[in-house]
Peer 1: 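Below is the structure I would like to discuss, written out as structure tokens.
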Amino acid sequence: MSEISNIDTIRELMERELQRSIDRKSVVGGTGMSRTSDRLYVWVDALMRAAGGCLRYDGVSGGVMVFDGKVWMDVSQCGREVYDSLVCRVARDVLLKSDGSIHKGDLMSCEKRLGKAVTDGAMMNKFSEGSVYVGFQNGIWDFSAPLEPVRHGFGERLPVRELRGYDYDPEARCPEWEEFLGNTLGEADMRTLQMFFGLGVKPRSELGHSVEKMLWMVGSGGNGKSTCLDVLEHVYGGGLFSHASLPSLLDGNVLNRMICTTPIIGKRYNRCDEIQMSDITKKIDLLKRLCSADHVEYRRIKGNATSSNEIPFFVFSMNRMPASRSTDEALLRRLLIVRFKYSVRAEDMDTGLYGRLCKESSGIWNWCLDGYRKLVGYGFKFPRSKDNEVEQRKMMMASGQQMEVWLQDEGLTPSGRTRLQNPYRVLLNTLYERYKEWCDRNDVDIDAENPRVMAQMLGGGIRGGRGLGYVKKRCSAGMFFEVYSDKKIEYGV
């Protein structure tokens with residue numbers, strides 16, 4: 001919308017709201033309102049109600065929202081101050097048109113009162129988008145009880161800023177969508193995908209649980225990754241997906257990083273398509289912080305820095321698994337890996353598939369709601385998937401972390417689950433012999449050529465590093481390590 005149409009829209013809505021106020025209670029010439037100052041006071045009150053009826057201030061975007069008959073939409077990129085002055089100007093015009101006998105000095109006094117109301121934030125109520133309300137072409141639906149959604153009319157002015165491009169039917173199903181996924185994913189991966197995209201049914205801060213997960217969709221080209229994400233973005237509505245690149249979110253320049261973080265605030269998912277291997281492991285601590293939904297700082301251009309934990313869930317699309325020594329256990333714990341196993345040749349691709357799947361949007365939304373219900377049933381924990389564990393294991397082996405994989409197989413950790421758990425003491429030579437045997441059984445090249453190198457890898461010492469965090473000590477029998485395990489260690493000393 002242009003600025004002129006913005007002004008006309010706001011003027012029309014304000015005058016309409018003002019007339020409603022006048023109809024409910026006469027504000028000019030009423031009993032006890034003979035003095036001009038009394039009439040002006042009530043005029044200010046009516047105008048504030050009129051502005052409050054058609055305008056909202058959006059604290060997230062910094063813009064002004066106006067109700068267009070169905071949803072609330074942002075009519076300004078100029079900031080709040082411009083529209084505050086606009087409201088005063090419209091108010092002056094309405095006053096002059098409605099009561100031309102008002103003295104100029106009294107009118108200036110009225111404008112001062114309006115200006116003070118604006119300063120105090122009284123002219124516009126804050127726009128707070130309701131997380132349970134979703135706008136569709138056939139009305140606003142309340143999903144506070146997902147099993148029993150309730151439909152509302154547009155005239156109720158419910159806090160929704162976007163209509164999804166399809167009608168909603170609570171009974172709709174999506175047979176072609178399920179067939180499409182079944183042709184390229186295993187059963188466990190389909191369940192993981194459904195539950196992950198059920199997380200976006202509510203804002204992350206309202207889930208009531210800490211879900212520190214990110215999704216890696218892995219597969220060579222032509223196997224449906226992009227089609228899957230494009231359809232889900234259509235189902236959710238483009239306004240709930242962002243497309244910030246990972247390098248921009250991990251920028252070493254703090255100011256640039258805060259500005260690049262701004263577009264993802266308040267979104268449900270962020271797509272990182274065709275991610276490069278070097279991107280996923282660069283500044284890995286920042287990546288883990290984003291995936292954990294910790295408060296991150298962001299800043300709008302010409303705005304002040306602030307922070308938010310309304311961080312989206314991250315979806316990475318890649319042709320192959322990244323390999324790096326930085327893929328530690330903390331990162332692996334946050335990973336959900338879904339592998340698209342079957343590819344289609346370019347000449348055999350179905351160019352009409354996306355359009356047909358979008359026709360099932362209502363059913364796919366119900367599929368996402370069912371994923372959310374499964375999450376609730378599992379206590380917001382993703383069930384263990386053998387395929388996911390195999391993928392993580394392959395990733396670690398390919399990145400030269402065979403010692404970490406061996407430690408997992410042995411069930412050894414550098415710290416206990418509780419303060420009262422006592423460590424086992426295992427001689428370095430014993431650990432080294434068991435590691436060599438494991439490498440031989442799994443046909444893996446051993447990365448520790450002697451016990452001394454293994455000691456450095458486990459307990460630090462290589463270039464001053466901490467190694468894998470295991471505590472090493474000495475006794476009369478030689479060097480040993482303190483290890484923890486949930487099972488009994490027979491080879492301890």
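Just so it is clear, the structure is predicted and the values come from calculations on it, not from any experiment.
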Peer 1: If I compare all heavy atoms of P175 with all of E360, which pair ends up nearest, and what's the gap?
Peer 2: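 Here P175 and E360 meet closest at CD-OE2, 3.5 Å.
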Peer 1: Taking side chain as C-beta onward, heavy atoms only, is V235 less than 4.5 Å from W177?
Peer 2: no
Peer 1: Could you give the side-chain donor-acceptor pairs of residues 306-315 under 3.5 Å, partners two or more places apart or in another chain?
Peer 2:
unit_1, atom_1, unit_2, atom_2, d
S308, OG, E310, N, 3.0
E310, OE2, S205, OG, 2.3

Peer 1: Listed by chain and number, what are the side-chain contact (heavy atoms from CB on, under 4.5 Å) partners of K70, not counting sequence neighbours?
Peer 2: D68, F154, L163
Peer 1: Output the distance between atom CE (M190) and atom CZ (F180), rounded to the nearest 0.5 Å.
Peer 2: 10.5 Å
Peer 1: Just so I know, are the side chains of Q194 and L181 near enough to count as touching, which here means a heavy-atom distance under 4.5 Å?
Peer 2: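 No; the side chains remain at least 4.5 Å from each other.
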Peer 1: Measure the SG-CH2 distance between C272 and W216 for me, rounded to the nearest 0.5 Å.
Peer 2: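 That separation rounds to 11.5 Å.
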Peer 1: Between OH of Y354 and NZ of K359, what distance do you get to the nearest 0.5 Å?
Peer 2: 13.0 Å
Peer 1: Can you tell me if R204 uses its side chain to pair, donor with acceptor, with the backbone of V211 under 3.5 Å?
Peer 2: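 Confirmed, R204 side chain pairs with V211 backbone.
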Peer 1: Measure across M214 and C291 and return the closest heavy-atom pair with its distance rounded to 0.1 Å.
Peer 2: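 Looking at all heavy atoms of both residues, the closest pair is SD-SG, 3.1 Å.
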Peer 1: Under the side-chain contact (heavy atoms from CB on, under 4.5 Å) rule, collect the residues that match up with E206, sequence neighbours excluded.
Peer 2: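 Expected list: S131, P203.
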Peer 1: Checking side-chain contact (heavy atoms from CB on, under 4.5 Å) against T184, which of N223, V338, T227 comes through?
Peer 2: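 It is N223, the one option of N223, V338, T227 that forms the side-chain contact (heavy atoms from CB on, under 4.5 Å) with T184.
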Peer 1: Taking the side chain as everything from C-beta on, heavy atoms only, tell me whether L232 gets closer than 4.5 Å to C368.
Peer 2: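 In short, these two side chains touch, coming nearer than 4.5 Å.
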Peer 1: For R157 versus W72, what's the shortest heavy-atom pair and its separation?
Peer 2: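 Looking at all heavy atoms of both residues, the shortest contact is O-NE1, 3.5 Å.
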Peer 1: Locate the shortest heavy-atom distance separating R268 from G200; write the atom from each residue and the value.
Peer 2: NH1-O, 2.6 Å
Peer 1: Measure the shortest side-chain to side-chain distance between L229 and F197 over non-hydrogen atoms and say whether it is less than 4.5 angstrom.
Peer 2: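 They are in contact (side-chain heavy atoms under 4.5 Å apart), so the answer is yes.
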Peer 1: Which value, rounded to the nearest 0.5 Å, describes the distance between R271 atom CZ and I264 atom CD1?
Peer 2: 15.5 Å
Peer 1: Check the surroundings of atom CD in E156: do more than 12 heavy atoms from other residues, nucleotides or ligands lie under 6.0 Å from it?
Peer 2: yes
Peer 1: The criterion is side-chain contact (heavy atoms from CB on, under 4.5 Å); which residues satisfy it with V201, sequence neighbours excluded?
Peer 2: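 side-chain contact (heavy atoms from CB on, under 4.5 Å) check on V201 returns Y236, W365, L369, Y372.
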Peer 1: Quick one: closest heavy-atom pair of N270 and S242, and the distance?
Peer 2: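 So the minimum-distance heavy-atom pair works out to OD1-OG, 2.7 Å.
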Peer 1: Can you pull out every side-chain hydrogen bond (donor to acceptor under 3.5 Å, both in side chains) where at least one residue sits in residues 164-174? Sequence neighbours excluded, please.
Peer 2: Y168-N366
Peer 1: Working note: V218 + F340, criterion side chain to side chain contact (heavy atoms under 4.5 Å, CB included); need CA distance, chi angles, decisive distance, verdict.
Peer 2: CA-CA 6 Å; V218 186; F340 287 69; over 6 Å; no
Peer 1: Are any non-hydrogen side-chain atoms of F382 and L375 less than 4.5 angstrom apart?
Peer 2: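 The answer is yes; the side chains approach within 4.5 Å.
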Peer 1: Judged by atom type as modelled, is there a donor-acceptor pair below 3.5 Å linking the side chain of K213 to the main-chain atoms of L336?
Peer 2: no
Peer 1: How long is the straight-line distance from OG of S226 back to CD of E233, given to the nearest 0.5 Å?
Peer 2: 11.0 Å
Peer 1: Check step by step if side chain to side chain contact (heavy atoms under 4.5 Å, CB included) holds for L215 and Y269.
Peer 2: CA-CA 10 Å; L215 181 67; Y269 296 98; over 6 Å; no
Peer 1: Decide yes or no for L250 and L290: does some side-chain heavy atom of the first lie under 4.5 Å from some side-chain heavy atom of the second?
Peer 2: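 Counting from C-beta outward, L250 and L290 do come under 4.5 Å.
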Peer 1: Could you pull out every donor-acceptor pair under 3.5 Å between side chains of residues 254-263 and any protein atom, sequence neighbours left out?
Peer 2:
unit_1, atom_1, unit_2, atom_2, d
R257, NH1, D251, O, 2.7
T261, OG1, R257, O, 2.6
T262, OG1, M258, O, 3.2
T262, OG1, I259, O, 3.4
T262, OG1, R299, N, 3.4
T262, OG1, R299, O, 2.9

Peer 1: With heavy-atom distances below 4.5 Å as the criterion, would you say the side chains of M217 and D189 are in contact?
Peer 2: no
Peer 1: Would you sort out whether W367 and E178 count as a side chain to side chain contact (heavy atoms under 4.5 Å, CB included), showing the intermediate values?
Peer 2: CA-CA 9 Å; W367 178 84; E178 292 179 344; 3.9 Å; yes
Peer 1: Just so I know, are the side chains of Y378 and M195 near enough to count as touching, which here means a heavy-atom distance under 4.5 Å?
Peer 2: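 Yes, their side chains come closer than 4.5 Å.
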Peer 1: Looking only at heavy atoms, which two atoms of K267 and L240 are closest? And how far apart?
Peer 2: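 Scanning both residues completely, I find the closest heavy atoms to be CB-O, 3.7 Å.
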Peer 1: As an exercise, state the distance from CD of E176 to CD of E179, rounded to the nearest 0.5 Å.
Peer 2: 6.5 Å
